[in-house]
Amino acid sequence: MFRLLVEGKLAKTNYVVIICACRSAAIDSCIAVTGKYQARILSESLLTPAEYQKEVNYELVTGKVDSLGAFFSTLCPEGDIDILLDKFHQENQGHISSSLSASSVTKAASLDVSGTPVCTSYHLEPHSIRPFQLAVAQKLLSHVCSIADSSTQNLDLGSFEKVDFLICIPPSEVTYQQTLFHVWHSGVLLELGLEKEHMTKQRVEQYVLKLDAEAQTKFKAFLQNSFQNPHTLFVLIHDHAHWDLVSSAVHNLYSQSDPSVGLVDRLLNCREVKEAPNIVTLHVTSFPYALQTQHTLISPYNEIHWPASCSNGVDLYHENKKYFGLSEFIESTLSGHSLPLLRYDSSFEAMVTALGKRFPRLHSAVIRTFVLVQHYAAALMAVSGLPQMKNYTSVETLEITQNLLNSPKQCPCGHGLMVLLRVPCSPLAAVAYERLAHVRARLALEEHFEIILGSPSSGVTVGKHFVKQLRMWQKIEDVEWRPQTYLELEGLPCILIFSGMDPHGESLPRSLRYCDLRLINSSCLVRTALEQELGLAAYFVSNEVPLEKGARNEALESDAEKLSSTDNEDEELGTEGSTLEKRSPMKRERSHSHDSASSSLSSKASGSALGGESSAQPTGLPQGEHARSPQPCGPTEEGRAPGEKQRPRASQGPPSAISRHSPGLTPQPDCSLKTSQRSVQVSVTSSCSQLSSSSGSSSSSVAPAAGTWVLQASQCSLTKACRQPPVVFLPKLVYDMVVSTDSSGLPKAASLLPSPSVMWASSFRPLLSKTMTSTEQSLYYRQWTVPRPSHMDYGNRAEGRVDGFHPRRLLLSGPPQIGKTGAYLQFLSVLSRMLVRLTEVDVYDEEEININLREESDWHYLQLSDPWPDLELFKKLPFDYIIHDPKYEDASLICSHYQSIKSEDRGMSRKPEDLYVRRQTARMRLSKYAAYNTYHHCEQCHQYMGFHPRYQLYESTLHAFAFSYSMLGEEIQLHFIIPKSKEHHFVFSQPGGQLESMRLPLVTDKSHEYIKSPTFTPTTGRHEHGLFNLYHAMDGASHLHVLVVKEYEMAIYKKYWPNHIMLVLPSIFNSAGVGAAHFLIKELSYHNLELERNRQEELGIKPQDIWPFIVISDDSCVMWNVVDVDSAGERSREFSWSERNVSLKHIMQHIEAAPNITHYALLGLRKWSSKTRASEVREPFSRCHVHNFIILNVDLTQNVQYNQNRFLCDDVDFNLRVHSAGLLLCRFNRFSVMKKQIVVGGHRSFHITSKVSDNSAAVVPAQYICAPDSKHTFLAAPAQLLLEKFLQHHSHHFFPLSLKNHDHPVLSVDCYLNLGSQISVCYVSSRPHSLNISCSDLLFSGLLLYLCDSFVGASFLKKFHFLKGATLCVICQDRSSLRQTVVRLELEDEWQFRLRDEFQTANAREDRPLFFLTGRHI
C-alpha cells in the first residue's frame, strides 16, 4: 500500500485509511495517511534502525545512487563539479602552494621573533565543581540516606567503611575516553582511597565499563569484588541510561546478530545486582521517560531531578555560567529576538522535495545527504574562488563555510570554529566524509580545516598538522599525544561528521558554532530521539557578559518555565507563568521566516529549475567583486548569523536594518525578480562582509553596521564563545514540530511518544500540561505509558511484589551537557565522606577543671597496681569536694578543709550561649564496642533492635507498676512497656498477668554471660539521636536496659526503639527535669529490691545476697576505655601508660567482680580526655564526684534521695548528700567514658518563653524573677528551672559580698545550687550524724536556705558565723511557708528583712512560683 502511494499509483485517491484490527475484533487504532509525502515518511519511519541502515547500504552498494550523482552533474553549466574542481586545482596549484608556503614562513618567523602568539580567548576550563552540581550531589546523598533511614532495612550505611564504583557507558570510544578524563581529573579515586597518588590510566579504566562485547568479563569481576567486600558500598552508575533498554529475553532471540543487544538488562538487572545489599544502582540520563513506565523498577521517591536555576526571578545558586538548552533555543525563535538560533534551510528543503519526486525509489536520507554534501562542496568552491558556485548552494551553507574558513584568519594563533554535521547513518557518513575530503584536497584547503569522521565505534582521528597545532595551543609536550575526545578539539577549525543512530553522550567543545542537523531522520518523531539530537547543541553561556538584547536575557531566564527535558525544575518550583503567555498577541507571532529572505526566493527558483519548468535562477554578486575583495566576514561574532552582529556599546541606536530575519527585508511572494536579486545581494553581501559601492541600493542599509565589523574584524572566533550558543539547522519538519505549541503553550514535541521502547497505555489520556514540573511529568508517564514486550521492564510486574520497585535503585535526570557526570562524581565523594563521618563521632575532649585546687592530703591510694580498691585503705582517703568535670566549668566551687583559693584561679564565666558552642570536641573513629543511635542497622543487631523487613514490629505490652512513697505523700504509678522478647527479665503473677517485679541476680553469681546491673537511661528529645543501642557495647552479652521517658514522648520512642523496655514517667513529670527521672529510677529500684528480696527469700536466698546495684547512664555515652599501666615498681614514680577502647561488658564485669563491692554506695568512671595527664591515672581510685555513668547501690542509699525538682547539677547535689551520709563514692580512674556531642534534646529541650503569645522577644535570665504582685510578664517554664537559671547568672544580686570572695563562701544547707563560677559555696547537711567539714574557723558571706525541712533548726544555724553585712536568701514553695520558716528558725534575731526584699519566680499563680526572701546580717 505504501509503495503504491509512493510510486504515484494512487494519484487520484484523496485519502487512504489503514485500519489495524486486533484479534478481539475491536478497533484498536486508525492511521490516516493524507498524502505521498506522509506515506514516504511513515513507511521509512516503520523501518527499525538496523533495517534503515541495511536499506541505505543496499542503495549505495547496488549503485542506485549513481543516477542522483549524474543528475547533479547536469545542474552545473560549466559541466561536472569534479571537472571544475580538477580544472581549478591545476590552474591554482602552483599559486596556492607558493602562497601557502610563504604564509607559513612568515608565521614561523613571527613566532621566532616574538615568541608564541597569544590568544586571550583560548583557555581550557579548569576542573571545578559548580554550585548546581554540589546541590545535586547533596540531593543524591539525602536520597541514599532516606533509603537507609527507612524501616525497610534495605541499606545499612553504618556497616560500610568505604565506597567503590563502576560507571557503565554506551559503547562509544569518545564517551569512554571522556568519562575516563572526568574520573581522572575529579580526584574521586584519591578521595575514595581507591588509588594512590601516582595512578595510571590503566588503573582508571578499572572504574569505567564500556558496554560492548568484552563488558561481561569486567562486570563479573565487579560482582565478585562486591561479594568479597561486604563492608564496601558499591555504586553502580548507569550513564546514558535511556540507551539499550532491550530485554535480555529479546537478546536471546537475536543474539547472533549483535551480542551487545540487551546487555544492560543482562548485567544491571541480574539477580546478583538486585540482591546484593551493598550495591546501589544509579541510572543517569537526560531523557528518563523510558524508565518512567507503569512497570519501572525505580520508585518515584528515588528520582532526583536537576533543580531549576531560579525561582521567582531569584537565582538559587550563584554561577558565572548559565545553561542554554532546548527551551532557550525555542525562545530565540520568538519575534523580537535577534537572529534565531534554531533555523531551517528552505532552499535545501525545496531541492530535497524536488529530488524526492524525481527519485521516488531512493530513501529520503540518501537524497538529503547527497544534496547537503553537494551544497557544502559548492559552498567551499564558492568561498575558495569559484563565485559562480554560490548559486548551487544555500545561503545557510555558504554562511557556515565562510565562517569556517575565515575564523582562523581572525586569530593570531589560528583558532577556528567547529561545524557539527550530523549524519546518523554510518554508510552515508562515510560517503559524506570521502566527498568533502576530496573537495578539500582539490581546493588545497587540507591545512585550513580538518574533516573528522566521528563514529561511536572508533576514536578521534586528526591529521598530523592539526595535532601539532592542538599540542601547541594546549601546551602539551608529549609527542605521542593524540586527541581522544571532542572536547580536546577546542579551537580547531573543523567539520565533525558525527555518525551513529544515537549520540552516546559525547560532549562538544566551546568552539562548536554550527550544529547542522538537517539530516536527522524521521526516527526523531519520538521525544527522546528529538531532544537527544537537539541536546548536542546545549551550551553554557557566560552569566557575566551582557547578551545582545533584553529579549535574549529573557530567553535565558525562562529555563524554569518551559516544559521539556531541559527544565528539570525542582519539585517545589511549579512556577509556569511563561514569557510566551505574557507576550501580547502581536509579539507572539514568530518571525516571518526562519531561513533567509534570499533563501526563500532562491529555493523557489532552484525548485523550479530542478523541476525542469524554468531556468530562472537568482544571480549572485558580480564575479569581479569577489575576486577584488575576498574579505568574508569571519566568525567575529563567533559564527553567529551575519545579521546578528553586536553593536558597539556606545551606540544606542536601533539595530541595523540588514538583519536577515528582519520582516522589512522579507519579500512578499509576488515580488519581482529584481527584488529577489537585490535581496540575494544584500544577504550575500552581509554574509561576506563586503561593503562595496557596486552593491547598489543595498549599500545604504549596510553602511550603519560597517563600523561594527571593522572594529571586531581581528577578534578570535573564541572571543564570544562563552556568550553565544551554536546555531542549529533543522529539517523543516522537525523545526515546525519543535517551535509549534498547542493551545496551552506546550511545545508539540513534548507530547510525542516519549520513547520508541514504550507505548501509550490508553488513547484516552489527558494531555501533558505546560505547568507540570519534572516530578509531575514523571508521574504522568508512570501512569500513561507501558513498556513494549522488548523493553527490559516488561516482565517486572510478574515478580510477585505489588509495587515492583527495587529499593536500592535511583534515577538522576537533567538536561543534556549540564554537568551530570561532575554531579555524580561529586556525589561519590560526599557519600564517601559521609560514610567516614558515620564511622566517626564528635566526643567531648576537655581537660579536667580545678586540677590546681585538688585536695592535697597525706593520703593517696598508693597501691598503684590494685585492680579493685582495698576497702580499708579506701575508707581512709578524704573526699574531694571539688568538681573536676569540665561541663561544670561555670559551676560554683565547693569549699572543703584543705583548699586555699585565689580569685584568679577561677576563669571568667562564659555567656550561656557560649557554653555549648565553645566546648571542645575531638573526632574519634567508632570502635567495634560503640553505642549507637537509631541510624545504625547492621545485621548483627537487627534482632536486638526489633526490626525485620519480613515481620511486623515486635509486640510489646503495657504494664502498670505502683508503689507508695511517703515524701510525695501519695502512691506513684509508673508504666512499663515490655516487648515480648524481654519478658523473661520480669516476674508476672501469671503469664500475661500483673507485673510483680524485675528479676535481680545474686551477688554470688559469677557468670560472664550477662551483666548483673540493670541499666537505666533517662532521655528526652533524643528518640533518633540517643545512644540506646548497646548491643556492640555489651559485646553481645545479655543485659537489662530500660529507657526512662516522659509520657508525651512514649509513642515516638516506642516507634524508634520497638524492642527496648520503656519506663514511662507519670504525666505530672512531663515538664520536670532530670532530677525527677533520677529520683524515680532510684525509688523504683529500691522498691523492686525489696520485692525481689521477699520473692527470693521464699526460695531460701538471704536478702543481702540480692544484687543491689543499678547503672544510671547518660544517653550520650558512646565508648569506654581502659588505661593499661606499665609501672616499674609499686612505688616508682616512673611509669608508662596507654589507653585502649574496650567493651562496656568488660568494664561492668570487672567492677561487678570487685570484692566488698556492696560496701560502696556510688561507683563511677573518669570522663575521657586526650589531655589526660599521667598524674590523673597514676592512682587507680579516687574518692570524689562521679558523673555521666554511675553504678548506684540502691540498698546503701535507701535514705539518700535525688531532688526530684532539679534541672541542673542534680548529680553534684546527690554526690554531696551521699558523702555527707557517711557513704563511699569511688571513681575508677583507669576506666573512662567518652561522651558524644549531641546537639538536640536533653536539657536543650527546655525553652524559656513568655506566656504572652505575641511577645517574641528573647527572655534574659534577669527577667526570671520579679516582685510579688507586680505586673511582670509571666514565663512559660517550671519555677524550679527559672530559679536555677537565675541563680546561675545573677546570684551576685543576692550575695554581693560573696562575689570573688572565696575565703568567705555562701553557706548552703542540705543542697547544692549553682550560684555561678564567681561565688563559692560550702555544703553542710543538717541530718544527724552527717559528715560535714569543720566550719568553726570560717566566716560566711551568705546563707542559702532552699526548701529546708524540719532537720534545719534555729540551734543548727547558730553554729555558723557570718560576716557583717552577709546576706541571706530563703526559698520556699509559697509566701506563708516563707514567713513560717523565718519564725521557726528565729531568723529575725540575726537578720534584718525589708518588705521590698521579697521576690518570686516569674510564674503565674497556677504554675506555682517559688518565693524568695532576702535579708542582711546584723
Practice task
Tell me whether the centres of the aromatic rings in Phe1214 and Tyr1202 are closer together than 6.0 Å.
Solution key: yes
Fill in the blank from the handout: When Tyr1346, Phe1294, Phe1393 are each screened for ring pair (Phe, Tyr, Trp, His ring centres under 6.0 Å) with Phe1412, the one that passes is Phe1294
Exercise for the section: Would you confirm whether the ring centroid of Tyr1264 sits within less than 6.0 angstrom of the ring centroid of Phe1399? Expected result: no
Exercise for the section: Give the intermediate values and the outcome of salt bridge (Lys or Arg N to Asp or Glu O under 4.0 Å) for residues Lys1102 and Asp1105. Expected result: CA-CA 5 Å; Lys1102 297 175 189 171; Asp1105 285 349; 5.3 Å; no
Exercise for the section: Kindly say whether Ser1326 contributes a backbone atom to a donor-acceptor pair with the side chain of Asp1310 at under 3.5 angstrom? Expected result: yes
Problem - side chain to side chain contact (heavy atoms under 4.5 Å, CB included) against Glu872, all qualifying residues, sequence neighbours excluded - result: Asp870, Lys875
Practice task
Report the C-alpha separation of Lys1235 and Asp1114 in whole Å, then their side-chain angles, then the decisive distance to 0.1 Å, and conclude whether the salt bridge (Lys or Arg N to Asp or Glu O under 4.0 Å) test is met.
Solution key: CA-CA 9 Å; Lys1235 292 252 300 173; Asp1114 285 0; 2.6 Å; yes
Problem - Ring centres under 6.0 angstrom apart (Tyr881, Phe879) - result: yes
Practice task
List in chain and number order the residues that pass side chain to side chain contact (heavy atoms under 4.5 Å, CB included) with Asp1005, two or more places apart in sequence or in another chain; answer none if no residue qualifies.
Solution key: Pro1001, Leu1002, Tyr1010, Lys1012
Exercise for the section: Could you tell me whether Arg1095 and Glu1090 make a salt bridge, using a distance below 4.0 angstrom between a side-chain N and a carboxylate O? Expected result: no
Problem - Separation between CG of Asn1314 and OG of Ser892, rounded to the nearest 0.5 Å - result: 4.5 Å
Handout entry: Validation row, ring centre Phe874 to ring centre Phe1181 under 6.0 Å
Key = no
